[in-house]
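What follows is a single structure, written as structure tokens, with notes after it.
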Amino acid sequence: MPKKVALDWLERNEKRIVAVGDRIWELAEVGLQEYQSSKLLTEELRNARFKVSLGVAGMPTAFVASYGSGKPVIGILAEYDALPGISQRAQPTHEPLKKGAPGHGCGHNLFGAGSTGAALAIREAIEKENLQGTVKLFGCPAEETLVGKVFMVRDGLFNDVDITLSWHPSSYNSAWMSSSNALNSVKFNFHGMSSHAAADPERGKSALDAVELMNVGANYLREHISEKARLHYVIPHGGGEPNVVPDYAQVWYYVRAPKRNEVERIYNRVVNIAKGACLMTDATMDLDFLVGCYEMLPNRALSDLMIRKMREIGLMKWSEEELRFAKKLAESMTPEERKDAILKSRMPNKEEKVDKLLDDAIDDPEDEKEVMAGSTDVGDVSWVTPTANLVTATCVLGMPGHSWQETATSGMSIGHKGMILAAKTLALTGIELLTNPDELRKAREEFEAKTKGFAYRSPLPPGKGPPLDQLAH
């Protein structure tokens with residue numbers, strides 16, 4: 001049977017997949033600089049006779065790897081970018097592997113290796129069982145800055161895909177049915193005129209004043225946007241020394257909201273506020289639109305299918321050593337902090353998990369009406385092809401995301417077990433879609449009903465290239 005072929009392959013090659021994930025964890029390369037990580041994954045795929053295209057959509061670390069022929073085409077997403085500044089050893093006490101270096105505090109080392117393992121297992125079933133269809137693995141860089149998939153979608157790389165499957169490391173086992181926030185990321189560059197701040201300030205035009213006035217205006221705008229919308233900013237450049245009127249300053253904004261069209265409305269108002277700051281300071285302004293993304297469009301049929309497949313596999317068992325590791329790691333927060341974090345989360349059945357360290361259940365998908373506070377470029381994929389997101393437990397319940405605690409578990413057996421569960425679930429789901437036309441039809445019909453009358457329009461300005469000099473932030 002195709003499913004048995006895939007599972008047997010994953011069990012025989014589990015140590016190999018873990019080794020790939022651990023190597024990416026050690027490399028810890030930030031977005032659009034994942035040269036060694038993407039090379040490692042593409043070498044595994046080429047060795048298995050996948051056709052690999054590296055450097056797609058203008059990004060040197062992006063790739064598409066395909067095996068098989070004809071329809072249906074099952075896409076699987078892989079990510080492998082790290083986060084700056086959260087290097088950590090695979091131990092339950094805080095100690096960087098390399099001080100100030102990046103770390104996999106979102107578990108994308110597991111994401112990349114697990115998805116690759118799933119694609120390789122499906123390939124084995126296609127070959128051994130002579131299945132009709134194609135599996136495509138999409139190597140997606142820079143998810144943390146919401147770059148990779150947006151450019152890959154714009155360049156049409158998902159146009160022939162029938163279904164897309166994804167997963168993400170988490171603290172629980174289920175499928176995402178919530179949406180997410182759409183987003184625009186943009187840098188506003190203000191230009192003024194420098195002068196001596198004490199001797200002749202009247203000759204100066206402060207670019208920093210323009211930044212500060214823009215921020216004041218944006219903060220007043222908060223009262224007049226929807227409750228769930230968000231404005232965040234940092235000032236990467238604010239001048240040199242206090243006695244020189246800054247002739248250049250920059251502020252970087254994220255504009256988020258539950259719907260793409262709402263982001264665009266708020267963003268246009270923010271741009272007008274920036275123009276107003278120029279009028280008040282006699283500065284000039286240009287902007288660098290980095291990226292924009294859509295909210296996530298969930299697919300109930302696919303999510304339910306993934307949960308059924310996960311339950312066929314069954315949960316991993318936590319060892320005494322892993323439970324001791326988790327208990328020690330949990331001491332990095334007070335019991336009250338950890339409990340509050342669990343109860344604040346979108347996790348299903350969270351009230352039942354406040355006294356647990358590691359999840360030992362498989363939950364039904366969450367409420368479709370939920371909106372994740374963050375953003376993901378998986379959202380753009382979900383508007384051009386039916387897409388589902390699995391989550392598996394790879395870290396301790398209640399620990400913060402993007403943290404040294406998550407970096408620690410992403411580099412040891414807790415993370416490994418969640419990754420292998422994800423790989424098996426993705427593989428079985430992909431094979432079900434290759435061999436059962438009814439499951440494929442249900443997912444497609446739901447997608448077409450939800451997108452009726454909608455035509456995807458990239459949020460990127462025409463001609464915009466990937467921000468290859470942008471570090472994760």
Side-chain angles (χ1 to χ4, degrees), residues 20-38 40-41 59 61-62 77-115 139-150 166-171 180-181 183 185 230 232-234 236 252 254 256 290-291 293 329 332-333 341 345 372-378 389 391 394-396 398-412 414-415 418-419 466-473:
V20 170
D22 282 351
R23 180 57 183 149
I24 295 173
W25 183 85
E26 293 167 359
L27 292 168
E29 298 169 298
V30 295
L32 297 174
Q33 299 183 31
E34 316 97 330
Y35 295 102
Q36 296 180 77
S37 300
S38 62
L40 181 63
L41 295 176
M59 295 172 288
T61 56
L77 304 182
E79 297 171 9
Y80 33 86
D81 57 323
L83 287 158
I86 51 173
S87 173
Q88 166 64 25
R89 295 184 181 277
Q91 64 185 44
T93 53
H94 191 196
E95 183 183 353
L97 190 65
K98 183 179 179 182
K99 190 174 181 180
H104 274 285
C106 204
H108 289 182
N109 62 307
L110 305 171
F111 192 162
S115 292
C140 307
E143 187 279 335
E144 298 295 355
T145 47
L146 306 170
V147 170
K149 300 177 199 69
V150 178
S166 185
W167 80 285
H168 201 283
S170 184
S171 59
S180 59
N181 274 319
L183 174 144
S185 172
R230 296 287 186 269
H232 332 294
Y233 62 81
V234 294
W252 184 359
Y254 277 8
R256 299 188 206 251
L290 298 177
V291 75
C293 72
L329 190 67
S332 62
M333 300 175 70
S345 73
M372 179 177 70
S375 307
T376 173
D377 57 3
V378 179
N389 286 278
V391 291
T394 63
C395 59
V396 176
M399 294 295 102
H402 291 192
S403 65
W404 69 264
Q405 292 97 327
E406 194 163 342
T407 307
T409 52
S410 294
M412 51 82 66
I414 293 172
M419 174 184 68
L468 298 179
D469 60 341
Q470 175 191 329
L471 298 180
H473 197 92

(request) Taking side-chain contact (heavy atoms from CB on, under 4.5 Å) as the test, write out the residues that go with S170, two or more places apart. (result) Y172, V391
(message) Has E34 got a side-chain atom pairing as donor or acceptor with L32's backbone, closer than 3.5 angstrom?
(response) yes
(request) Check V291 against L146 and note the closest heavy-atom contact, atom names and distance. (result) CG2-O, 2.9 Å
(request) Could you pull out all residues at least two apart from S345 that satisfy side-chain hydrogen bond (donor to acceptor under 3.5 Å, both in side chains)? (result) none
(request) Rounded to the nearest 0.5 Å, what's the gap from CG on D81 to NE2 on H104? Could you check? (result) 7.5 Å
(request) Give a yes or no answer on whether the side chain of S87 reaches the backbone of K99 with a donor-acceptor pair at less than 3.5 Å. (result) no
(request) Please identify each residue that fulfils side-chain contact (heavy atoms from CB on, under 4.5 Å) with L27, with sequence neighbours left out. (result) R23, E29, Q36, S37
(message) Restricting to non-hydrogen atoms, name the atom on I24 and the atom on Y80 that form the minimum distance, rounded to 0.1 Å.
(response) CG2-O, 4.1 Å
(request) Answer whether the closest heavy-atom distance between the side chains of P400 and Q405 falls below 4.5 Å. (result) yes
(message) Holding to side-chain hydrogen bond (donor to acceptor under 3.5 Å, both in side chains), I want the full list of residues that pass it with S38, two or more places apart in sequence or in another chain.
(response) none
(message) Tell me every residue that passes side-chain hydrogen bond (donor to acceptor under 3.5 Å, both in side chains) with S171, counting only those two or more places apart in sequence or in another chain.
(response) none
(message) Can you tell me how far apart OG1 (T93) and CG (L329) are? Round to the nearest 0.5 Å.
(response) 9.0 Å
(request) Could you list the residues that satisfy side-chain contact (heavy atoms from CB on, under 4.5 Å) with S410, not counting sequence neighbours? (result) W25, N109, L110, E406
(message) Distance check, rounded to the nearest 0.5 Å: I414 atom CD1 versus T394 atom OG1?
(response) 9.0 Å
(message) Checking E79 now: which residues fulfil salt bridge (Lys or Arg N to Asp or Glu O under 4.0 Å) with it, not counting sequence neighbours?
(response) K149
(message) Side chains of W252 and S185, heavy atoms from C-beta outward: is any pair under 4.5 Å?
(response) yes
(message) Restricting to non-hydrogen atoms, name the atom on P102 and the atom on A82 that form the minimum distance, rounded to 0.1 Å.
(response) CB-CB, 4.2 Å
(message) A373: which residues meet the side-chain contact (heavy atoms from CB on, under 4.5 Å) condition with it, sequence neighbours left out?
(response) none
(request) Check whether any side-chain heavy atom of W404 lies under 4.5 Å from a side-chain heavy atom of S332, and answer yes or no. (result) yes
(message) Give me each pair satisfying salt bridge (charged side-chain N to carboxylate O under 4.0 Å, His left out) with a member in residues 82-95, each pair once, sequence neighbours excluded.
(response) R89-E95
(request) First locate atom CE of M412, then atom SG of C395, and finally report the distance between them rounded to the nearest 0.5 Å. (result) 11.5 Å
(message) Test of understanding: with side-chain hydrogen bond (donor to acceptor under 3.5 Å, both in side chains), list the residues that count as partners of H94, not counting sequence neighbours.
(response) none
(request) Locate the shortest heavy-atom distance separating G107 from P169; write the atom from each residue and the value. (result) O-CG, 3.1 Å
(request) Nearest 0.5 Å please: distance from the CE atom of M399 over to the OG1 atom of T407. (result) 13.0 Å
(request) First locate atom CG of L290, then atom OG1 of T145, and finally report the distance between them rounded to the nearest 0.5 Å. (result) 8.5 Å
(request) State, yes or no, whether a side-chain contact exists between C106 and H168 at a heavy-atom distance under 4.5 Å. (result) yes
(message) If I compare all heavy atoms of A62 with all of P141, which pair ends up nearest, and what's the gap?
(response) CB-CD, 3.6 Å
(message) Donor-acceptor check, side chain of N389 to backbone of S166, threshold 3.5 angstrom: yes or no?
(response) no
(request) Over all heavy atoms of both residues, which pair between T376 and S180 is shortest? Give the atoms and the distance, please. (result) CG2-OG, 4.0 Å
